[in-house]
Amino acid sequence: MPIRQMKESSEQHLVIKSHLQNTMNTVQRPPKTAQNGKGPPQAHEPHNNTKQPHNQATSPPSKNRGRRRGRGGKKSDQLDVCMRPSSRPCTVAHKPVNQDSCGMEMGFPTSSKSLNFAPRPGYGQVGTKCIVKANHFFAQLPDKDLNQYDVTITPEVASRTVNRAIISELVRLYKESDLGTRLPAYDGRKSLYTAGELPFSWKEFVVKLVDEEDGINGPKREREYKVVIKFVARANMHHLGQFLAGKRADAPQEALQILDIVLRELSSKRYCPIGRSFFSPDIRAPQRLGDGLESWCGFYQSIRPTQMGLSLNIDMASAAFIEPLPVIEFVAQLLGKDVLSRPLSDSDRVKIKKALRGVKVEVTHRGNVRRKYRVSGLTSQPTRELVFPVDDNSTMKSVVEYFQEMYSFTIQHTHLPCLQVGNQKKANYLPMEACKIVEGQRYTKRLNERQITALLKVTCQRPRDREKDILQTVQHNAYDQDPYAKEFGIKISEKLASVEARILPAPWLKYHETGKEKDCLPQVGQWNMMNKKMINGMTVSRWACINFSRSVQESVARGFCNELAQMCQVSGMEFNPEPVIPIYSARPEQVEKALKHVYHASMKTKGKELELLLAILPDNNGSLYGDLKRICETDLGLISQCCLTKHVFKISKQYLANVALKINVKMGGRNTVLLDAISCRIPLVSDIPTIIFGADVTHPENGEDSSPSIAAVVASQDWPEVTKYAGLVCAQAHRQELIQDLYKTWHDPVRGTVSGGMIRDLLISFRKATGQKPLRIIFYRDGVSEGQFYQVLLYELDAIRKACASLEPNYQPLVTFIVVQKRHHTRLFANNHRDRSSTDKSGNILPGTVVDSKICHPSEFDFYLCSHAGIQGTSRPAHYHVLWDENNFTADGIQSLTNNLCYTYARCTRSVSVVPPAYYAHLAAFRARFYLEPEMQDNNSSTGAGSGQAKGGGTKAAGESGVRPLPALKENVKRVMFYC
């Protein structure tokens, strides 16, 4: 995607130099630590965990670049900042401005060729060493030449299944002759691959394919296809070997793609391929999910380049499929009622049409002929009223008569509508009772809560069981017997990879001095609030409660509020036990009227605004929660805390304690901070003012083709504590992954060209909150797939640079850009499941387990971190990939920082599985989807005009992309962690 170039000539851009580093053998000394579990570490002078300058092997760096890469976390060469005196406990040493760094010519790379990702600086040493097993299986590199051929099929076919059938027939006919005994692998589209050359560089074949769906008896249709195979290229296996050895930075994607397709070829014939996974009802018996759906088990498979060489990543998978039922039975399940005797309502018709549109059905009224059709709609009339022309003279015949005369098929349930198949110009009618849903169709629409719960029960496997199933899958796939693997010389190990890991120590947490326990060392990823008080407990003087639940009596609601107020006080907040107005009961359908009544009624008492609104909601509340949050946060400027009815009746101390934690941070407080943070001992965070960003983009559900995507960015607003995060959100184009609103300019009639965007606004709010401007940026970016790494880094790092330069000439803080991935398929298992000391209660690996060798990238800076204790199922470690690092983090530095931050998540007393800034960004983006206007939520978003600049800066959208901006957050809301 082209990078937007800004018109202002005064703006500076960054030159990204290519850099290769030969640091794979670097040994890092672990920093001294007092975290021995016997007591909190004692405060001492701040220290830095820096590393030596990288070797710039490809070209001599500019003077500035050498300095920037070399200085790491030192306090030298920082831009002199004019700021008011600060009383922060960590001081900043200012040195003269480096003129070279301020006056250099800057330009941004326009393609990935001018950019290399951060190389691995060495391996981590901190933590207790252990061995874990990973679901990676060593794949021996083939020693044969891999050749690529272009395939052209005429007439063109859209279906991969048909394409594969054509090529399979071609191979059957010509393998021993024209193909020179080669067994090719085919991707189902345009490419064919062989081990060794074919006897020709170009050849045309004719293949006849019989339509097996036309039944056993009688003539079958035969179609003729012309297939042209043409030599394209030879994959460079030497390049792949060099890359796996860490001697080349650029991955040979063609060779990896060929090997992946080869290993998928046999499974594609055996199973139902969906994405990188394969499913079958034969792997395990399908489980019903309700409403005509069932779960199929399967496995994920992908070839990956790792430090141990090529690795085949195998994991278990489950997905929802449409149950292959007779259509009438499917409809009965979908509607949950008998459809044979009662007529359908209009709402029934809409539900059926939505569920069946695009679904393949096969006819059952023609004996062995099982012709397949795709459903395009549903008739508005019942079958008995449907007529259609049977000739050019417009002679009309009823559907009932036609099926009786043509097929001797009597339609029994004429009160039901017919399925429409084919296109709108020539739609055919099929009675429901004459159709059956074709097996093997994945359900891609949104599942309801019951279905999600049922699917989770199927997918939730204890680590030992998952490991066993993975091994059984590998043995069942029998790669040593796979004719394609044999042909290409690929050998797959049947043993899980044994990997060296380390268990990082948990950080000490600081609580308020007035509590019995002033600090805390979490045990196995968790702790509690007993005998502790929030380090910064806020005051709530003016609050009210609104009750939307009919089953909750006023006395019960009052008792719950009293208990919650007491818990807030015990936890360290000052909380007025009495609301400003009596508890107000309201109906959910009148949410806006009720909220405004409470808001205005509260204002009348002493004329002050409400600080907090408690809301009691029914357990199943539909759109109520989202409507309430939208009205409170974008219209009234109210901080709200919702509680479900079931929790109001069953008052649990644990629940109340968690709600108190959420209320405190929503009011602007802190629950706990890292002891190392307030003691200024976090390398490359405590030494100079540092801001930590989290960013994420959430996309609409599958099937929604016009709803916008929502981007969210949060940023720490306190230094050195790095605990409080302000958040901004914006709507952007449908399924756009690049965050469009990080930096933007627009023309104002009065002010001229104006700069803005989420990065700029959050840098300004950091300066206002701390009195400092950030000299270091750590940017955790969630939700990016490997194929988007270059694109996202190029675009978003450029936006960060522009945002900084727009605030002050030559202002370019050092940036570390880290992608956070959770949607991967690497799983880590304890080496010995019977050793209770190496697992948590759920049988998973211990929190703090980090892996940066063997199964990680051959040369780039990545690691797997399981920072949380498992609750149920198999824990999924987060994968962190450092794409860009001007701060020169060591492996220990970034791994320890990331792990420690996972203990600062505000909503619970557990370490979390993803670094909190990324987690908060996800929560904020999810919350902002409630701000979409109802018609946009219902998949009918209209393209609104507008500048795209939402006044107030809390929510924004790119108006130039035709996406309607989100309503702006109120000022008092966007300053706090409203999304918690």
Side-chain angles (χ1 to χ4, degrees), residues 281 285-296 319-365 373-386 398-400 403 409-421 427 429-458 550-551 588-589 618-624 701-704 937-939:
Q287 301 290 313
R288 282 197 163 181
L289 302 177
D291 296 354
L293 301 186
E294 63 183 10
S295 68
W296 281 21
F321 281 73
I322 302 170
E323 212 173 331
L325 298 167
V327 168
I328 283 188
E329 197 177 322
F330 173 85
V331 168
Q333 279 202 32
L334 180 72
L335 300 179
K337 65 182 184 183
D338 175 23
V339 295
L340 300 181
S341 54
R342 294 190 210 161
L344 298 177
S345 66
D346 289 343
S347 62
D348 289 338
R349 276 181 171 38
V350 170
K351 195 171 183 181
I352 296 168
K353 185 178 178 180
K354 200 172 179 182
L356 286 177
R357 183 183 286 154
V359 172
K360 264 190 181 179
V361 296
E362 59 184 8
V363 296
T364 58
H365 65 286
Y373 299 92
R374 197 174 291 279
V375 177
S376 58
L378 198 69
T379 61
S380 56
Q381 298 165 285
T383 303
R384 60 172 168 254
E385 295 176 17
L386 291 172
S398 74
V399 169
V400 174
F403 273 82
F409 181 80
T410 304
I411 301 174
Q412 301 288 334
H413 310 292
T414 58
H415 67 288
L416 294 174
C418 274
L419 302 179
Q420 288 177 298
V421 296
Y429 299 138
L430 285 177
M432 283 189 184
E433 63 198 85
C435 298
K436 180 178 184 288
I437 291 170
V438 174
E439 185 181 63
Q441 297 181 79
R442 189 182 178 190
Y443 184 78
T444 57
K445 300 183 180 78
R446 186 174 184 172
L447 299 175
N448 61 39
E449 286 191 22
R450 264 188 312 112
Q451 291 166 336
I452 291 170
T453 303
L455 186 60
L456 286 175
K457 280 183 182 176
V458 176
R550 289 181 182 174
S551 59
E589 59 271 19
D619 293 332
N620 298 311
N621 55 73
S623 65
L624 176 60
E701 301 273 350
N702 285 333
E704 289 187 32
Q937 291 184 26
D938 292 340
N939 193 24

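FYI, the numbering just counts along the sequence from 1.
A donor-acceptor pair under 3.5 Å links the side-chain atoms of R349 to the main chain of S380, judged by distance alone. Without hydrogens or angle criteria, E433 side chain to H413 main chain gives a donor-acceptor distance under 3.5 Å. Checking side-chain atoms of Q441 against main-chain N and O of F321 turns up no donor-acceptor pair under 3.5 Å.
Put simply, the side chain of D291 does not reach to within 4.5 Å of the side chain of Q333, judged on heavy atoms. Inter-residue side-chain proximity for V438 and P324 is flagged as unmet; no heavy-atom pair is nearer than 4.5 Å. Looking only at side-chain heavy atoms (C-beta outward), W296 and V458 stay at 4.5 Å or farther from each other. Using a 4.5 Å heavy-atom cutoff, the side chains of P417 and T383 are not in contact. Between R384 and S398 there is no side-chain heavy-atom pair separated by less than 4.5 Å. The closest side-chain heavy-atom distance from K351 to L334 is below 4.5 Å. Contact annotation: the side chain of V400 never approaches that of T410 to less than 4.5 Å [non-hydrogen atoms, C-beta and beyond]. Contact of the L335 side chain with the L344 side chain is registered, since non-hydrogen atoms from C-beta on lie closer than 4.5 Å.
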Practice problem: Apply the test side chain to side chain contact (heavy atoms under 4.5 Å, CB included) to residues C435 and T364: give CA-CA distance (whole Å), side-chain angles for both, the deciding distance (0.1 Å), then the verdict. | Solution: CA-CA 6 Å; C435 298; T364 58; 5.9 Å; no
Self-check item: Full working for side chain to side chain contact (heavy atoms under 4.5 Å, CB included) between T379 and Q420
Solution: CA-CA 7 Å; T379 61; Q420 288 177 298; 3.8 Å; yes
Quiz item: Would V361 and K436 count as a side chain to side chain contact (heavy atoms under 4.5 Å, CB included) if you check the C-alpha gap in whole Å, the side-chain angles of each, and the deciding distance to 0.1 Å?
Solution: CA-CA 5 Å; V361 296; K436 180 178 184 288; over 6 Å; no
Quiz item: K337 and D348: side chain to side chain contact (heavy atoms under 4.5 Å, CB included), yes or no, with the steps?
Solution: CA-CA 11 Å; K337 65 182 184 183; D348 289 338; 2.6 Å; yes
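Residues V359 and A355 approach most closely at CG2-O, 3.6 Å, considering heavy atoms. In this structure, C418 and V399 approach most closely via the heavy-atom pair SG-CG1, 4.2 Å. Nearest heavy-atom pair, P618 versus P588, reported as atom, atom and distance to 0.1 Å: CG-CG, 4.5 Å. Closest approach of H415 to P382, counting heavy atoms only: O-CB, 3.4 Å. Nearest heavy atom pair, residue L289 against residue Q451, reads O-CG, 3.3 Å. Closest approach of G292 to F330, counting heavy atoms only: O-CE1, 3.5 Å.
In this structure, the separation between CG on L416 and CG on L340 is 7.0 Å, given to the nearest 0.5 Å. Rounded to the nearest 0.5 angstrom, Y429 OH and M432 CE are separated by 14.0 Å. Note: S295 OG to L447 CG = 10.5 Å, rounded to the nearest 0.5 Å. The CZ atom of R450 lies 10.0 Å from the CG atom of L293; values are rounded to the nearest 0.5 Å.
One finds no salt bridge joining E294 and R288 here, because no Lys/Arg side-chain nitrogen approaches an Asp/Glu carboxylate oxygen to under 4.0 Å.
With sequence neighbours left out, the side-chain hydrogen bond (donor to acceptor under 3.5 Å, both in side chains) criterion links D346 to no other residue.
Applying the 6.0 Å contact sphere to CZ of R446 captures no more than 12 heavy atoms from other residues, nucleotides or ligands. Within a 6.0 Å sphere centred on NZ of K457, heavy atoms belonging to other residues, nucleotides or ligands number 12 at most. Shown here is K360, whose NZ atom has no more than 12 heavy atoms of other residues, nucleotides or ligands within 6.0 Å.
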